[in-house]
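Data first, discussion second: the structure below is written as structure tokens.
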Amino acid sequence: MKLFSYLSLGLMVVVLFATAGGLPVLFDKNSPAAVNVSPRYIEESHRETGSPNFVTAVLADYRGYDTLGETTVIFTAGVAAVLLLRTGRKNGDDSGVDGE
Amino acid sequence: MIQLYLQTGILILMVITGVAALLVDDLLAAIILFSAFSFFAVLIYLTLGAPDVAFTEAVVGVVSTTFFIIALNGLRRRCSK
Amino acid sequence: MNRRFGSVVLDTAFRYLVPFILVYAVYVLIHGEDSPGGGFQAGALFGIAIVLEHLVHGDKAFLKIPGTWAVAVAGGGALFYGLIGLFCILSGGNMLQYGMLPLMQDVVERHVLGILGIEIGVTICVMATIVAIFNALTGREDLL
């Protein structure tokens, strides 16, 4: 099992190093991420949303539904953490009652 | 060019602090190394030109460090009882 | 839970730090549309301020969201966000189309108010989530 994990780790390293050369250069205007939808945001977002900041315009206006989902994810994660911590504490407190 | 060297240095420091946080025995030292890792992540986001993400990472680093230290305090109290 | 968290230096430093963190959180929330920042960061700053206040002052803390109420407040924040979207639908637009909110005359002002509203929702959700996890970590949910 240990050999398998080391082998998969080595394979992962090889794949990452082999594909890192194909990444676009930083701040490249012709990279695939910058040619499709970014110019539209940069040119039109101030007129369409009235917001002076692209990030806010994208986060709250163009992708507002996405941000709603993100907020729900944060709430769900918090509820899950609270439930887990509470059950652990109750089992631990059975041995000795905490004098608060 | 200087930006490339800066990013390389920050990435090497990130790897060093991350591996050290995994390997160190003391839990408090691991927490502090993890917050150093988070700070280097903030620096790399700043050099990449994303101050929004850097701000979020800084705030999340502070929150997670606080939670880790509170949990460590509770662990110590429970163990010493 | 009235015992000290850290040394005298840490407690005094936190005591002076909390008001500045609160002011900065309000600045990040209100000014988040023009500068880096926004709902998530402001919520985390509010949460940190409340947690530090708890750590320094214990049960006599000025700011507190007691017990399991924190989870309810977090759900209320997410619900506030969803309600703004629903309100846009009810007033004849698409989901989260802030221009259709029946608040002001100017479309741009409606946009700004809508964005501020959803950021307040995110802020409340994140803040209350952090306080809820803190309450569960320190076993404070019995205070309800």
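Residue numbering restarts at 1 for every chain, and letters A, B, ... go by the order of the sequence lines.
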| chain C neighbours within residues 11-35 of chain B, where any heavy atom lies under 4.5 Å away | none
| chain C contacts: which residues in residues 40-57 of chain B have a non-hydrogen atom closer than 4.5 Å to it? | B:Pro51, B:Asp52, B:Phe55, B:Thr56
| field | Within residues 38-51 of chain C, residues adjacent to chain B where the heavy-atom gap is under 4.5 Å | value | C:Phe40, C:Gln41, C:Ala44, C:Leu45, C:Ile48, C:Val51
| note | Note: C:Ile130 and B:Phe67 closest approach over all heavy atoms is O-CZ, 3.4 Å
| field | Atom pair OG1 (B:Thr66) and CD1 (C:Ile133), whose distance is rounded to the nearest 0.5 Å | value | 12.0 Å
Under 3.5 Å, which donor-acceptor pairs link side chains of residues 74-81 of chain C to any protein atom two or more places apart or in another chain?
unit_1	atom_1	unit_2	atom_2	d
C:Tyr81	OH	A:Gly64	O	2.8
C:Tyr81	OH	A:Leu68	N	3.4

| Can you tell me how far CG of C:Leu137 sits from CG of B:Leu72, rounded to the nearest 0.5 angstrom? | 11.5 Å
